[in-house]
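Note sheet for the following structure.
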Amino acid sequence: MGIPEPGASRMPGAGEIHLWRITLDAPDALPSSARNLLSPDETARADRFLRDEHRRRFTVTRGALRILLGRYLSMSPAAVAFAYGDKGKPRFADTDACLEFNVSHSNELALVAFANGRALGVDVEWTRTRAAGESIARRFFSPAETTALMALPEADREWAFYACWTRKEAYIKARGEGVSLGLDTFGVTLAPGTPPKLLFAKEGEAEVRRWTFEDIDPGPGYAGALAYEGTPASIQCFDFDPQA
């Protein structure tokens, strides 16, 4: 699914997920203004990046996330407070809030997904890095996924690699466990033309039925995926405009 025109920030309904695309190579004024929204710990984290572009991308992503949360929750972006899970997944610190969110960024693009009362994870990857797909697959994918990948025609393998990688990343982020879950302990579909889904998990069939997957087309040079709890939702896609 692609990302269409900018949209309004009404709260997502029970059967909706809102997905926002954020362009990170913004004019110089945006990183400066975004930095003013960050908390002291976020500013310190930004300053630990050695390269200017990495510092800018983190700053713009977190600033945009705060602006979006402020719009949804009718509060100042700078007043948004985050809490973090054991593996570092951020969440809104107000435990009474039902708004769930997840963030991913790669190169000059970020995606932020929001849902009402259901866990979700999103991943975006820049496909022009020319990742060593086969060696990464053999190291991190399940044996079944690696076999399926290498059985494809060579022309299809790069697409399938990123489909598998983004689906797996979205799933572990939705669960809030990161790579500690073990990327080889569950499997996803990856063949072109095959609907995205969880095929197996160490917890069994109930875990497989718990999740829905969607592929995302963020734009040229990127691949993306979304994983979320429950039955298929209506995905509403928007471009972020800091001035909207």
Side-chain angles (χ1 to χ4, degrees), residues 6-12 17-126 169-170 172-180 218 224 226-228 238-244:
S9 299
R10 65 174 177 81
M11 289 283 284
I17 291 174
H18 289 184
L19 181 66
W20 291 84
R21 180 174 62 182
I22 304 164
T23 301
L24 302 181
D25 54 349
D28 290 343
L30 181 56
S32 176
S33 60
R35 185 179 175 89
N36 295 333
L37 302 177
L38 304 190
S39 65
D41 65 294
E42 289 172 317
T43 301
R45 182 176 170 186
D47 289 342
R48 286 197 291 270
F49 288 103
L50 299 179
R51 298 178 62 173
D52 288 343
E53 66 266 33
H54 295 162
R55 188 180 309 114
R56 170 178 53 80
R57 291 166 185 168
F58 173 83
T59 299
V60 175
T61 299
R62 293 307 285 251
L65 172 61
R66 284 181 166 274
I67 290 171
L68 289 170
L69 282 168
R71 292 176 185 172
Y72 280 120
L73 301 169
S74 299
M75 62 188 302
S76 166
V80 172
F82 296 111
Y84 296 88
D86 292 341
K87 306 302 180 182
K89 182 180 181 180
R91 65 181 186 275
F92 186 52
D94 183 352
T95 57
D96 293 329
C98 295
L99 186 65
E100 300 282 344
F101 66 90
N102 196 238
V103 185
S104 179
H105 64 87
S106 183
N107 194 46
E108 295 291 355
L109 193 68
L111 297 178
V112 186
F114 295 92
N116 194 336
R118 67 167 93 190
L120 78 170
V122 67
D123 188 58
V124 61
E125 299 292 338
W126 191 41
E169 286 284 335
I172 64 174
K173 293 179 70 180
R175 288 188 44 160
E177 298 181 60
V179 295
S180 65
L226 180 70
Y228 56 91
F238 311 108
D239 270 316
F240 174 71
D241 179 357
Q243 306 304 322

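How far OG1 of T61 is from CG of L24: 4.0 Å, rounded to the nearest 0.5 Å. To the nearest 0.5 Å, atom CG of residue N102 and atom CD of residue E100 are 9.5 Å apart. In this structure, R56 CZ and R51 CZ are separated by 11.0 Å, a value rounded to the nearest 0.5 Å. Distance CD1/I17 to CG/L226: 5.0 Å, rounded to 0.5 Å. For the atom pair CG (N107) and NE2 (H105), the distance works out to 11.0 Å, reported to the nearest 0.5 Å. Note that the CZ atom of R91 and the CG atom of L99 stand 13.5 Å from one another [nearest 0.5 Å].
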Side-chain donor-acceptor contacts of residues 115-124 below 3.5 Å, not counting sequence neighbours, with atom names and distances?
| unit_1 | atom_1 | unit_2 | atom_2 | d |
| --- | --- | --- | --- | --- |
| N116 | ND2 | P12 | O | 3.3 |
| R118 | NH1 | E229 | O | 2.8 |
| R118 | NH1 | T231 | O | 3.0 |
| R118 | NH2 | A14 | O | 3.3 |
| D123 | OD1 | S104 | OG | 3.3 |

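Side-chain atoms of R21 come within 3.5 Å of backbone N or O of P218 as a donor-acceptor pair.
Relative orientation of the H18 and F238 rings is perpendicular, given thresholds of 30° and 60° on the angle between their planes. Using bins of under 30°, 30° to 60° and over 60° for the plane-to-plane angle, the ring pair F49/F58 lands in the tilted bin.
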Exercise. Can L68 and F101 be said to form a side-chain contact (heavy atoms from CB on, under 4.5 Å), step by step?
Worked result: CA-CA 10 Å; L68 289 170; F101 66 90; over 6 Å; no
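For the pair R62 and F82, the cation-pi criterion (under 6.0 Å, within 45° of the ring axis) is fulfilled.
Side chains of W126 and L109 form no contact here, defined as non-hydrogen atoms less than 4.5 Å apart. Proximity of R55 to D52: side-chain heavy atoms (C-beta onward) are separated by under 4.5 Å at one or more points. Annotation: side chain of L69 is in contact with side chain of F114 (closest heavy-atom distance under 4.5 Å).
Here the closest heavy-atom approach between residue R66 and residue A78 is recorded as NH1-O, 3.5 Å. Summarising the geometry of A227 relative to A174, their closest heavy-atom pair is O-CB, 3.8 Å, with the distance given to 0.1 Å.
Comment: E108 engages R57 in a salt bridge, judged by a side-chain N to carboxylate O separation of less than 4.0 angstrom.
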